[in-house]
Amino acid sequence: MTNRSRSLRVPDKPSLDGIEAKWVDVWDESGVYHFDRTAPRERVFSIDTPPPTVSGSLHIGHVFSYTHTDTVARFQRMRGKSVFYPMGWDDNGLPTERRVQNYYGVRCDPSVAYDPDFAPPAKPDPKRQVPISRRNFIELCDRLTAEDEKVFESIWRRLGLSVDWRHTYATIDGNSRAAAQRAFLRNLARGEAYMAEAPTLWDVTFRTAVAQAELEDRERPSAYHKISFHRPDGGTVEIETTRPELLPACVALVAHPDDHRYADLVGTTVRTPVFGVEVPVRAHRLADPDKGSGIAMICTFGDTTDVTWWRELQLATRPIVGWDGRIVADPPAGIDSAEARDAYARLAGATVHTARERVVELLRASGDLIGDPKPITHPVKFYEKGDKPLEIVTTRQWYIRNGGRDAAVRDALLARGAELDWHPAHMRSRYDHWVEGLNGDWLISRQRFFGVPFPVWYPLDDDGNPRYDEPLLPDEAALPVDPSSDAPAGYTEDQRGRPGGFTGDPDVMDTWATSSLSPQIAGGWERDDDLFRRVFPMDLRPQGQDIIRTWLFATVVRAHFEHGSLPWRTAAISGWILDPDRKKMSKSKGNVVTPIDLLERYSSDAIRYWAASGRLGTDTALDEGQMKVGRRLSIKILNASKFALSVAGEAAAADPAAVTEPLDRAMLAALADVVEDATAAFENYDHTRALEHTERFFWEFCDDYLELVKARAYDEESPAGASARAALLVALSALHRLFAPFLPFVADEVWSWWRDGSVHAEPWPDAAEFRAAAQDGEPAVLAATSEVLRAVRKAKSEAKLSMRAEVERVVVRGKNAGSARVAADDIAAAGRAAALEFEAADDTDLRVEVTLPAAAE
RNA sequence: GGGCGGUUAGCUCAGUUGGUUAGAGCGCUACCUUGACACGGUAGAGGUCACAGGUUCGAAUCCUGUAUCGCCCACCA
């Protein structure tokens, strides 16, 4: 025998208990998952790991999708790739901001000076939050997220993610801020980023602008209000609106050009009720004759259609809703009469909701409200994290071009989408539809504090007004900068806010503006050129289907502009975990299921098994039954390995040359097929298929093959016994490696019983190797033999006999009888049959007659 | 209103370019304490493949339509 590696160390009673703690430590010490950064690009497999939000908690959905990625990482590593598998933490943005405020009892005020000795209050008072500088605030964020990250890391390690923990990043750390600012400055220099003052979707709670990608529609109750406008001839025209409070902001009425009902009105002017403002009546194709009365009131701004009309018809601007969501103090132009000003004064300072009630009262008093408001339900735009409807407010914002206003850019980005290898392929249509449906550029500025600040200052003129058209920009070498605490070149800090001095841009970037650079941040862009060349563009972007329009698309945009390429070759899109509530699991269990609880109850490998059973892009139920199956499989691997190694004894080595028996060769031939199939499946990002085929083979291996050769394997004298033992070990060597990506703990445990080193550093099984060992082996021999064995078992089971019961005679007929005949001795031993007969016949399927002893009948 | 995906056993899901009697696991039932495994083993029952048409010698599979679930998008007066 060859290949003897070590003496056996098979435990008497194999167990999953404590297996995670043991191997997490071993892997950490051995560095088996370390990225070899001397590997050339073609031998590298790089992964753009999604950074989880650390201010939240890990959900079972994270466990699900991160396991998918890990199976791929492990497969590629075994295929000889140096795997670049970093971990990021998303601590940038509103969720962290809120958590830090509550945790420390502070709030960020960019106007406060940095205090290097600041310490948060010992007892946080949520009602009296201490105002601190942005830099101090970010330092607290760093401190708290560092704690959160430790918790996350320990769960990831316990789950068995083969991450190289030397490569981590956080989306608010210095490298990320520098990368986000550098990328922005380059976008700006190339004209891909720009500032504009324009109507912007605005969340009045958070008091920040919101991007198209962050919107969601929610059904809200509302009401049509029928309102009379007054024609010059003394007649009226009735409009219907759900937003009567915007009446003072009305700038025009609009009807469809083909709508004959209003043809005579178009081109004239009418007066608004109550406020008496003269507004034009215009025609536009977007006016829908079937909605309301067919003629619409255009305001500054009720919805995005208003913006379109305002822009295309070049209408007046009469804003009345402020940044805080309340009606502004001063009436807009056109509200001149004393009555109108009095009416407006009743609205000033009110919330939109209150203003609506008051306008209705005013309209009733003036007789211009026709009938009662008609209740309806309609979709209203919300910020996905907000709970009040968005308003549209004109503000100065930063944008990055994304094809929303430029056909050439849009086409280029669609081409990038086509270039990307999507798994599953149909996910590409979500990307295409999103890009095709964009209606504006990407708004990246947010009026918040915790985030990457724009690296921009503005000179102040003699009156103290910012000169926005002459921004002051830092040198790339100085990044990251904070314009709220750093002064621009050529100025000193005491000139901040003074006429002739400067002011920093107060805004921060949208969190996606940073996370869209995750491949660059993790890969050492402009920081570690050698690393970057070896990992970028990355091989794989794994992520959820819900953030194709945000994270995936934004990352493509940034790489397209900066590198003229895709950021990665392949995107692997995971599905959802179906809500346990719908399965009534949390109710019947009476408590919430946390990942760590499941990991402890079923073992990490069992949870991974469940996760790996879910295909990419397919929604999967949280199914504890599958976890149980995973646990059972893990234990079976321990026990089957123990058996095979014990039988082989001290001579445990896999010598293919010793495999001579047809049944053994048949098993290896079947194994070669499985290896081939699993390999192809993995290469196609179909981890589920690889697992299924491996698992199916393994169970048949245990149930049938192991039982068939058990007796023979104990035979120390004959070559047939040696053949069985060698075949068992050859198969075991393959199975341990095939399961390694899915069940890394069990795989390394059983591997350690008979081999040195980690199974995770072993080469992935090569089908050709097993094909060679199988020689003339025919899978049909194993199939036919197993079928006969099953027939014998069935006879015993139906007779309610023990599987050990003796069988008098077995007759095998049919076209596959010859295949089974070659393993007659094994069948006789496994089935405890005294006599076996085979009658080959070409015309019938396999039929087995089992004769039990008369006494047993 | 448009798009994407799903609908197969009580449950969770396979079903590879259309090809005999549709598969697996869980659960259920019966039996077996067999020497790797009682955290086990063996076997069994269980399906009009959402519905209606169509193409075909043949349809879970292809086409058309419908229903239903989930998600995404939409100019929501």
Side-chain angles (χ1 to χ4, degrees), chain A residues 10 13-17 215-217 219-220 222 224-225 239-243 246 253-255 284-288 291-299 302-309 376-381 389 424 426-430 432-434 436-439 545-546 548-549 575-576 578 582-583 602-603 610 613-615 617-626 628-629 631-647 677 681 688-689 692 695-696 699 702-703 706-707 710 714 790 792-805 830 832:
Chain A
V10 183
K13 187 78 181 166
S15 165
L16 297 176
D17 296 339
L215 304 182
E216 65 183 34
D217 286 353
E219 285 291 329
R220 279 299 157 109
S222 185
Y224 277 127
H225 299 73
I239 63 101
E240 287 193 63
T241 180
T242 56
R243 301 209 57 184
L246 293 179
L253 300 187
V254 64
H284 194 278
R285 66 192 148 72
L286 287 182
D288 184 346
K291 272 187 187 156
S293 58
I295 185 162
M297 170 175 90
I298 307 175
C299 304
D303 60 33
T304 53
T305 318
D306 280 354
V307 177
T308 305
W309 282 325
I376 58 158
T377 304
H378 69 160
V380 178
K381 282 194 195 309
H426 68 78
M427 288 295 174
R428 185 186 143 199
S429 64
R430 300 200 181 197
D432 288 348
H433 290 147
W434 174 252
E436 286 162 2
L438 287 168
N439 52 30
Q545 56 189 331
D546 49 329
I548 289 173
R549 64 177 179 162
W576 298 101
L578 295 181
R582 252 187 294 166
K583 305 266 164 282
Y602 295 102
S603 86
W610 159 75
S613 303
R615 316 181 100 78
T618 302
D619 296 345
T620 301
L622 178 56
D623 183 0
E624 295 200 32
Q626 278 296 99
K628 233 165 95 182
V629 173
R631 183 175 175 86
R632 194 168 73 110
L633 173 63
S634 300
I635 293 170
K636 192 77 173 181
I637 292 170
L638 291 176
N639 285 314
S641 300
K642 175 191 162 195
F643 167 72
L645 291 171
S646 303
V647 170
D677 195 76
T688 305
R689 184 183 171 93
E692 271 173 8
E695 188 191 4
R696 189 189 313 142
W699 283 110
C702 290
D703 294 347
L706 235 43
E707 294 300 329
K710 196 180 272 183
Y714 281 122
R790 274 194 287 272
V792 174
R793 283 186 197 136
K794 183 172 175 177
K796 291 180 183 178
S797 188
E798 283 174 351
K800 304 201 171 185
L801 290 173
S802 156
M803 288 300 128
R804 286 182 82 187
R832 298 187 181 253

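The chains referred to below are lettered A, B, ... by the order of the sequence lines, with proteins before strands, and numbering in each begins at 1. Below, all heavy atoms of this structure are taken into account, side chains as well, without hydrogens, waters or symmetry copies.
Counting heavy atoms from C-beta on, the side chains of E692(A) and D677(A) never come closer than 4.5 Å.
Checking rG70(B), rG3(B), rA36(B) against the side-chain heavy atoms of H433(A) singles out rG3(B) as nearest. Counting only heavy atoms from C-beta on, K381(A) has its side chain closest to rC75(B) among rC4(B), rU42(B), rC75(B). The side chain of D703(A) sits closest to rG41(B) out of rA36(B), rG41(B), rC75(B). If you check rU34(B), rC75(B), rC39(B) against the side chain of M803(A), the one that comes closest is rU34(B). In the set rA43(B), rG40(B), rC71(B), the nucleotide with an atom closest to the side chain of K636(A) is rG40(B).
Nucleotides rA9(B) and rC49(B) place their P atoms 10 Å apart, quoted to the nearest Å. To the nearest whole angstrom, the two C1' atoms, one in rA14(B) and one in rU8(B), are 10 Å apart. Nucleotides rC51(B) and rU56(B) place their P atoms 23 Å apart, quoted to the nearest Å. Taking atom P on both nucleotides, rA50(B) is separated from rG15(B) by 15 Å, rounded to a whole Å. The separation of rU12(B) from rG47(B), taken at their C1' atoms, amounts to 15 Å, rounded to a whole angstrom. Comparing rC62(B) with rC4(B), their P atoms sit 15 Å apart, to the nearest whole Å. The separation of rG41(B) from rG5(B), taken at their C1' atoms, amounts to 41 Å, rounded to a whole angstrom. Nucleotides rG23(B) and rG46(B) place their C1' atoms 13 Å apart, quoted to the nearest Å.
At a threshold of 4.0 angstrom between heavy atoms, the contacts of R615(A) are confined to the sugar-phosphate backbone, with no base atom among them. If you check every strand for non-hydrogen atoms under 4.0 Å, R790(A) touches sugar and phosphate atoms only. Within 4.0 Å of L286(A), counting heavy atoms only, lies at least one base atom of the nucleic acid. Residue contacts shown for Q545(A) are absent, as no nucleic acid heavy atom lies under 4.0 Å away. Residue contacts shown for T308(A) are absent, as no nucleic acid heavy atom lies under 4.0 Å away. Within 4.0 Å of K800(A), counting heavy atoms only, lie sugar-phosphate atoms of the nucleic acid but no base atom. Within the 4.0 angstrom heavy-atom criterion, no nucleotide atom of any strand lies near C299(A). Among the atoms of the strands shown, none is found under 4.0 Å from any heavy atom of A805(A). If you check every strand for non-hydrogen atoms under 4.0 Å, T305(A) touches sugar and phosphate atoms only. When heavy atoms are screened at a 4.0 angstrom cut-off, R793(A) is found touching the sugar-phosphate backbone but no base atom. Counting non-hydrogen atoms under 4.0 angstrom, W699(A) reaches the backbone sugars and phosphates but no base. Within 4.0 Å (heavy atoms only), D619(A) reaches sugar-phosphate atoms of the nucleic acid but no base atom. When heavy atoms are screened at a 4.0 angstrom cut-off, K794(A) is found touching the sugar-phosphate backbone but no base atom.
Across all strands shown, nothing is found opposite rU56(B) as a Watson-Crick or G-U wobble partner with both distances under 3.5 Å. Remark: rU66(B) base-pairs with rA50(B). Criterion, Watson-Crick or G-U wobble with two distances under 3.5 Å. Using the Watson-Crick or G-U wobble rule with both distances under 3.5 Å, rA36(B) pairs with nothing in any strand shown. Base pairing annotation: rA43(B) forms a Watson-Crick or G-U wobble pair with rU29(B), both donor-acceptor distances under 3.5 Å. Nucleotide rG1(B) has rC73(B) as its partner under the Watson-Crick or G-U criteria, with both atom distances under 3.5 Å. In a base pair of the Watson-Crick type (N1 to N3 plus N6-O4 or O6-N4) or a G-U wobble (N1-O2 and O6-N3), with each distance short of 3.5 Å, rA24(B) is matched with rU12(B).
For E436(A) against rA74(B), no side-chain N or O and base N or O form a donor-acceptor pair under 3.5 Å.
Here the C1' atom of nucleotide rG15(B) and the CZ atom of R696(A) are 10 Å apart, to the nearest Å. Put simply, CG on D677(A) is 9 Å from C1' on rU16(B), counting in whole angstrom units. Atom CG in L645(A) sits about 13 Å away from atom P in rA36(B), given to the nearest Å. Note: CD (E707(A)) to C1' (rU34(B)) measures 8 Å, nearest angstrom. Note: CD (E798(A)) to C1' (rC31(B)) measures 11 Å, nearest angstrom.
Between K13(A) and rA36(B), a side-chain N or O to OP1/OP2 separation shorter than 4.0 Å is absent. At the phosphate of rG41(B), neither OP1 nor OP2 sits under 4.0 Å from any side-chain N or O atom of K710(A).
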Distances for protein N or O near nucleotides 20-26 of chain B N or O, under 3.5 Å:
residue	atom	partner	partner atom	Å
rC26(B)	OP1	R632(A)	NH2	3.1

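Put simply, OG1 on T308(A) and CZ on R285(A) are 8.5 Å apart, with the number rounded to the nearest 0.5 Å.
Both D288(A) and L438(A) sit near RNA chain B, but only L438(A) has its closest nucleotide nearer the 5' end.
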